[in-house]
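Here the structure comes first, spelled out in structure tokens, and everything after it is commentary.
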Amino acid sequence: MSTTKAEDLWCGTSDAGPAIRARAATTPAQRLEWLEESLLLAQASGALARDRARRQRQAQEWGSSR
């Protein structure tokens with residue numbers, strides 16, 4: 001039976017060890033810039049609107065079940 005390190009399971013993804021260490025080495029300003037770019041992409045792709053609608057439906061369902 002072979003054993004696999006958890007990091008090996010993530011090899012090739014943005015969550016691999018080197019990527020995590022690289023993100024940890026960024027400055028707060030760089031992290032905010034990355035976050036802003038990510039949010040703009042989510043907005044442009046329609047992901048924010050879809051998530052907002054999903055959360056609204058959940059809130060309505062929760063409100064109607066009370």
Side-chain angles (χ1 to χ4, degrees):
M1 178 187 245
S2 67
T3 58
T4 305
K5 288 191 272 181
E7 186 175 307
D8 293 339
L9 296 174
W10 294 100
C11 186
T13 72
S14 62
D15 292 330
I20 292 170
R21 287 187 290 279
R23 283 194 304 267
T26 60
T27 67
Q30 289 170 318
R31 291 178 193 163
L32 285 173
E33 184 179 348
W34 176 87
L35 179 58
E36 181 180 17
E37 290 174 2
S38 298
L39 287 172
L40 289 172
L41 176 61
Q43 183 180 24
S45 70
L48 287 181
R50 286 190 303 274
D51 189 56
R52 188 176 295 119
R54 179 189 59 81
R55 285 187 277 145
Q56 182 63 37
R57 282 191 309 275
Q58 286 178 332
Q60 289 171 342
E61 290 171 4
W62 183 80
S64 65
S65 68
R66 294 190 98 212

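Sorted by first and then second residue, the pairs that involve residues 45-57 and meet side-chain hydrogen bond (donor to acceptor under 3.5 Å, both in side chains), not counting sequence neighbours, are Asp51-Arg54, Asp51-Arg55, Arg54-Gln58.
Once rounded to the nearest 0.5 Å, the distance linking OG of Ser65 with CD of Gln60 reads 12.0 Å.
The two residues Leu39 and Leu48 make their nearest non-hydrogen contact at O-CD1, 3.9 Å.
Residue-environment remark: CD (Gln43) stays at or below the threshold of 12 foreign heavy atoms within 6.0 Å. Atom CD of Glu36 has 12 or fewer neighbouring heavy atoms from other residues, nucleotides or ligands inside a 6.0 Å radius.
When hydrophobic clusters are built by joining Ile, Leu, Val, Met, Phe, Trp and Tyr residues whose side-chain heavy atoms come closer than 4.5 Å, directly or via intermediates, Leu41 is not grouped with Trp34.
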